[in-house]
Amino acid sequence: METYSIGEIAKKTGVSIRTLRYYDEIGLLKPTKDPSSGHRIYTEEDILQLHKIMSLKFIGLSLEEIRQYIHQPTYDLTLKETLMLEKNMLEQKRRQLERSIQAIEYAITLLEEEGEIDSLLLMSLIRSIQTEDDQKRLMTHYLDQETVDAIFHNEELKQKENEMIKSYAQFVKQVHELYGLPADHPDVQHMIETFLRSTFGLLSLETVEKITELLNQNQWDSFEWKEEWDVLSPLPFSKEETQWLEQAMDDYMQRLEHMGIDMKESKEGENSGYEK
């Protein structure tokens with residue numbers, strides 16, 4: 001029977017000598033010992049056991065979980081349950097990585113387009129990406145699942161993400177520039193109208209109608225989760241700018257109502273008189 005030293009096993013498998021010693025210490029992989037020298041002696045069977053350990057570790061099992069399965073010739077449904085839990089954890093990590101990549105891509109897009117990024121804007125975008133699942137949960141309290149999916153899983157929106165981010169960055173820049181003017185000033189109202197048109201223009205009429213209900217000031221103020229929403233998706237503005245912007249939005253919606261125009265009609269081509 002061929003045997004191997006710890007150094008030979010390390011070279012053969014790519015597992016470090018330090019790790020092999022640790023596996024021996026915790027009883028996960030215990031080779032025989034040379035009675036005269038005390039050196040570890042590994043066999044082909046030990047190598048197979050080590051490959052089992054490496055495989056189970058690769059799919060995410062802890063060493064304690066591996067200990068439960070390492071000496072079993074076959075695996076039953078107990079392993080399936082463990083693997084399902086691990087699969088769910090890995091999928092969560094994958095979603096987190098995808099969102100991190102998305103945030104980085106947003107930052108790159110803005111830097112390429114604008115040359116610089118407003119720090120509050122970047123914070124807002126990253127936070128919104130990070131808390132997307134919680135945003136969906138909150139929105140389902142007031143919108144049906146189909147509408148929520150139309151907002152968060154809209155293929156057309158995904159295809160135009162860069163365009164939307166650039167549009168939002170321009171909107172944020174305009175808010176900073178126009179803040180201080182009366183909320184009903186034509187330039188401010190034109191800014192609101194342009195932004196809403198560019199945003200709602202990518203959604204279906206039915207979705208726009210349902211979102212319009214959320215923009216109704218009286219209903220919005222009654223939302224018990226408004227504070228939590230502000231935490232999950234913070235605006236890139238100061239408190240004063242936010243209050244000013246809310247007033248400007250109210251003025252715009254009231255003007256539409258006064259003119260007998262809803263967001264559906266606005267989407268279809270009507271305007272509030274602030275087109276330039």
Side-chain angles (χ1 to χ4, degrees), residues 91-143 148-154 156-181 183 187-188 190-203 207 211 214-215 217 220-221 223-250 252-253:
E91 286 177 343
Q92 289 178 5
K93 290 179 181 178
R94 180 176 65 185
R95 287 195 295 271
Q96 183 177 350
L97 285 173
E98 288 173 348
R99 289 173 183 170
S100 297
I101 292 171
Q102 185 182 13
I104 291 172
E105 288 176 342
Y106 283 172
I108 291 173
T109 296
L110 289 175
L111 283 171
E112 288 177 344
E113 184 71 18
E114 305 292 335
E116 60 182 12
I117 304 177
D118 182 290
S119 60
L120 290 178
L121 171 60
L122 184 59
M123 174 276 298
S124 175
L125 291 173
I126 292 175
R127 183 63 178 161
S128 293
I129 294 169
Q130 181 185 9
T131 62
E132 184 175 300
D133 289 340
D134 290 325
Q135 292 174 49
K136 294 177 189 175
R137 174 180 56 80
L138 287 178
M139 290 191 76
T140 53
H141 291 315
Y142 292 90
L143 294 172
V148 173
D149 289 341
I151 296 171
F152 287 95
H153 303 289
N154 187 312
E156 191 172 1
L157 286 178
K158 288 182 180 179
Q159 292 172 6
K160 297 185 177 180
E161 274 184 348
N162 286 349
E163 180 183 330
M164 290 177 61
I165 292 301
K166 293 174 186 176
S167 175
Y168 188 56
Q170 286 297 319
F171 174 68
V172 171
K173 186 176 181 180
Q174 283 185 302
V175 169
H176 293 326
E177 291 174 349
L178 297 179
Y179 171 67
L181 290 177
D187 288 349
V188 177
H190 177 66
M191 172 190 71
I192 297 291
E193 180 167 357
T194 301
F195 178 68
L196 290 180
R197 278 174 174 254
S198 66
T199 302
F200 288 156
L202 298 174
L203 300 172
T207 301
I211 294 176
L214 293 178
L215 294 176
Q217 182 65 37
W220 176 255
D221 287 341
F223 289 168
E224 296 178 355
W225 49 270
K226 184 176 184 297
E227 270 190 38
E228 186 175 354
W229 181 268
D230 289 341
V231 172
L232 294 176
S233 185
L235 293 173
F237 309 119
S238 67
K239 181 179 179 180
E240 293 75 18
E241 287 174 328
T242 300
Q243 292 172 344
W244 172 81
L245 188 58
E246 288 176 349
Q247 183 59 57
M249 183 73 74
D250 290 345
Y252 179 77
M253 299 303 291

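Note that the coordinates shown come from a computational prediction; the quantities given were computed from them, not determined experimentally. Numbers here simply count residues along the sequence, with the first being 1.
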Engineer: I need the minimum non-hydrogen distance between Met191 and Leu245, along with the two atoms involved.
Structural biologist: CE-CD1, 4.2 Å

Engineer: Can you list everything that forms a side-chain hydrogen bond (donor to acceptor under 3.5 Å, both in side chains) with Arg95? Sequence neighbours excluded, please.
Structural biologist: none

Engineer: Using modelled atom types and a 3.5 Å cut-off, is there a donor and acceptor pairing between side-chain atoms of Ser238 and backbone atoms of Glu241?
Structural biologist: yes

Engineer: Taking the side chain as everything from C-beta on, heavy atoms only, tell me whether Leu235 gets closer than 4.5 Å to Val172.
Structural biologist: no

Engineer: What's the shortest heavy-atom distance between Val188 and Ala183, and which atoms?
Structural biologist: CG1-O, 3.5 Å

Engineer: After noting the C-alpha distance and the side-chain angles of Leu196 and Met249, does the key distance pass the side chain to side chain contact (heavy atoms under 4.5 Å, CB included) rule?
Structural biologist: CA-CA 10 Å; Leu196 290 180; Met249 183 73 74; 3.8 Å; yes

Engineer: To the nearest 0.5 Å, how far apart are CD1 in Ile165 and CD in Gln170?
Structural biologist: 12.5 Å

Engineer: Evaluate side chain to side chain contact (heavy atoms under 4.5 Å, CB included) for Asp118 paired with His176, printing each intermediate quantity in order.
Structural biologist: CA-CA 10 Å; Asp118 182 290; His176 293 326; 3.2 Å; yes

Engineer: Could you tell me the separation between the CZ atom of Arg99 and the CD1 atom of Ile104, rounded to the nearest 0.5 Å?
Structural biologist: 14.5 Å

Engineer: Hey, does Asp187 have a side-chain heavy atom less than 4.5 Å from the side chain of Glu177?
Structural biologist: no

Engineer: With rounding to the nearest 0.5 angstrom, report the CD to CG distance, Gln92 to Asp133.
Structural biologist: 9.0 Å

Engineer: Give, for atom OH of Tyr179 and atom CD of Gln243, the distance between the pair rounded to the nearest 0.5 Å.
Structural biologist: 8.0 Å

Engineer: Would you say CD of Gln96 has more than 12 non-hydrogen atoms from neighbouring residues, nucleotides or ligands within 6.0 angstrom?
Structural biologist: no

Engineer: For the residue pair Phe195 and Phe171, categorise the inter-ring angle as parallel (less than 30°), tilted (30 to 60°) or perpendicular (more than 60°).
Structural biologist: parallel

Engineer: With sequence neighbours excluded, tell me which residues meet side-chain hydrogen bond (donor to acceptor under 3.5 Å, both in side chains) with Lys166.
Structural biologist: Glu113

Engineer: CD1/Ile108 to CD1/Ile101 distance, rounded to the nearest 0.5 angstrom?
Structural biologist: 10.5 Å

Engineer: Report the distance from atom CG of Leu120 to atom CG of Leu125, rounding to the nearest 0.5 Å.
Structural biologist: 11.0 Å

Engineer: So do Ser124 and Tyr168 actually touch side chain to side chain, heavy atoms under 4.5 Å?
Structural biologist: yes

Engineer: Taking Gln135 for the side chain and Ser128 for the main chain, is one N or O donor matched with an acceptor at less than 3.5 Å?
Structural biologist: yes

